[in-house]
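Along the sequence shown, residues are numbered consecutively beginning with 1.
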Amino acid sequence: MKITDIEAIVVRQDKVKMIGDGSQDTVVVLVHTDEGITGIGEVDSAPEVVKAIIEAPASHMQCRGLKDILVGEDPLNVEYLWHKMYYYSYYYTRRSVGIHAMSGIDIALWDIAGKKLGVPVSRLIGGRFRETIPAYCSVLMPETEGEIERLVEHHKKECNYKGFKFGWGALGKSEKRDVELVRACRKAVGPDAKLMIDIGMAWTDYKSALRIAKQYEKEDLYWLEEPFAPDRTEDFKKLSDSMSISLASGEEFGTVYEFRDMIERGGVDIVQPDMSRCGGITVAKKIADLAQMHGKKLIPHAFKTGILMAATLQLIAAIPNADMLEYCAQETVLSKSLVRHHFRLDKDGNVAIPDLPGLGIELNTETLERYRRG
Ligand code: MG
């Protein structure tokens, strides 16, 4: 089998708001082969930049576009192809958006391998620890206590979520308000639900962060996510050592090298690679192994469409240290309908992990064509 073409399709809803919601647009990666099997991937980054990285013509040996590097190769050599992409695009893909683009292709290559061999990706990366996973409801933090109450009521009516995460939005504007909002979240979700808070990197002052976090201890948070920009490794470590709440981070990181630093020095308890940014399934599995060795959980970041959710579920199936799925509950057209049969929760709040070949999804071509921008 040979790779014949790679498409990077930019998809975007009609109007995009400047809020922390990555499900308003995406780039769908399709890897085509000479056997008619097509792998599906997705990237959570700047879509047009990702498209340029995939489609760029070769400049010189270490500056080749990703499609140029891969066409003609056997797609089943997934690990080799990851290293080939990394090496021949090293000047511009060592970190950040280059790794994001590689992630989408890597997901698609695993999808091809699963489809060709007739097994789900999870069985190719070690086999399955579980068939279902509890989902937590992931939403942006509303501005008012009333909106928090209404939002929780709405989502509880829809699904039996066992946990809620409120992130970004109204958080990070003042110490007093950050405490009040989280108190309102706990009241709305009740004493038994897991509660997670994502500051979205908005805190800048360490002492202020410590004061707020001490208040949060009373609200029994399951984790506190990205209080600071993730490069502030020392502040993460200090905060982690000064409170009892678990710290979570990782959605901006790429390659196993960045995660190694975080896991070994960063004071992070819950590691959150985004599989459409960290380097794909190939890298996420290595990060999961490293996290496991250090006694840390791995709960991937996934705030996009059903493609990323499918890749995330396959990883979660194959590792011992995941205990929840981030379920993007934004009501955007792409988050809900880019794949056919979008993942639903059962009555116990769990999502079934597909046991079909590859990622186990089918693209909704009507949605893709309706919102296609390039
Ligand atoms: Mg986050």
Residues 54-61, side-chain donor-acceptor partners within the protein, below 3.5 Å, at least two apart:
from: Glu55; atom 1: OE2; to: Lys51; atom 2: NZ; distance (Å): 2.9
from: His60; atom 1: ND1; to: Gln62; atom 2: N; distance (Å): 3.4

Indicate yes or no: does Arg123 engage Asp355 in a salt bridge with an N to O separation below 4.0 Å. yes
Just by distance, do the side chain of Ser276 and the backbone of Asp44 share a donor-acceptor pair under 3.5 Å? yes
Would you say His341 has more than 12 foreign heavy atoms packed within less than 6.0 Å of its NE2? no
Could you work out, with salt bridge (Lys or Arg N to Asp or Glu O under 4.0 Å) as the rule, every residue matching Glu175, not counting sequence neighbours? Arg211
Output every pair passing ring-ring contact (aromatic ring centres under 6.0 Å, His included) with a member in residues 256-294, not counting sequence neighbours, ordered by first then second residue. Phe253-Phe259
Please say which of Lys17, Lys15, Lys304 ends up in a salt bridge (Lys or Arg N to Asp or Glu O under 4.0 Å) with Asp25. Lys304
What residues, two or more places apart in sequence or in another chain, satisfy ring pair (Phe, Tyr, Trp, His ring centres under 6.0 Å) together with Phe164? Tyr161
Any ring-ring contact (aromatic ring centres under 6.0 Å, His included) pairs touching residues 8-46, not counting sequence neighbours? none
Sidechain-backbone polar pair: Lys173 side chain, Asp178 backbone, donor-acceptor under 3.5 Å: no
Under the salt bridge (Lys or Arg N to Asp or Glu O under 4.0 Å) test, residues paired with Lys336 that sit two or more places apart: none
Any chance you could pull the hydrophobic cluster mates of Leu356, using side-chain heavy atoms under 4.5 angstrom and chaining through other members? none
One thing to verify: whether Lys297 and Asp323 come together as a salt bridge, which I'm taking to mean a side-chain N less than 4.0 angstrom from a carboxylate O. yes
Residues Lys2 and Glu73 bridged, charged N to O under 4.0 Å: no
Is any side-chain heavy atom of Trp168 less than 4.5 Å from a side-chain heavy atom of Ile19? no
Taking Glu79 first and then Lys286, would you say they form a salt bridge - that is, a charged N and a carboxylate O separated by under 4.0 Å? yes
According to salt bridge (Lys or Arg N to Asp or Glu O under 4.0 Å), who are the partners of Arg265, at least two apart in sequence or on a separate chain? none
Please lay out, stage by stage, how Asp235 and Lys207 fare under the test salt bridge (charged side-chain N to carboxylate O under 4.0 Å, His left out). CA-CA 10 Å; Asp235 284 336; Lys207 287 283 169 64; over 6 Å; no
ring-ring contact (aromatic ring centres under 6.0 Å, His included) contacts in which one or both residues fall within residues 261-287, not counting sequence neighbours: none
Taking the hydrophobic residues Ile, Leu, Val, Met, Phe, Trp and Tyr, and joining any pair whose side-chain heavy atoms are under 4.5 Å apart, which ones share a cluster with Val16? Met18
With sequence neighbours left out, which residue pairs that include part of residues 196-205 fulfil the salt bridge (charged side-chain N to carboxylate O under 4.0 Å, His left out) condition? none
Return all side-chain donor-acceptor pairs below 3.5 angstrom for residues 131-140, not counting sequence neighbours, or 'none' if the list is empty.
from: Glu131; atom 1: OE1; to: Arg128; atom 2: NE; distance (Å): 3.2
from: Glu131; atom 1: OE1; to: Arg128; atom 2: NH2; distance (Å): 2.7
from: Glu131; atom 1: OE2; to: Arg128; atom 2: NE; distance (Å): 3.1
from: Tyr136; atom 1: OH; to: Lys165; atom 2: NZ; distance (Å): 3.0
from: Ser138; atom 1: OG; to: Glu326; atom 2: OE2; distance (Å): 2.6

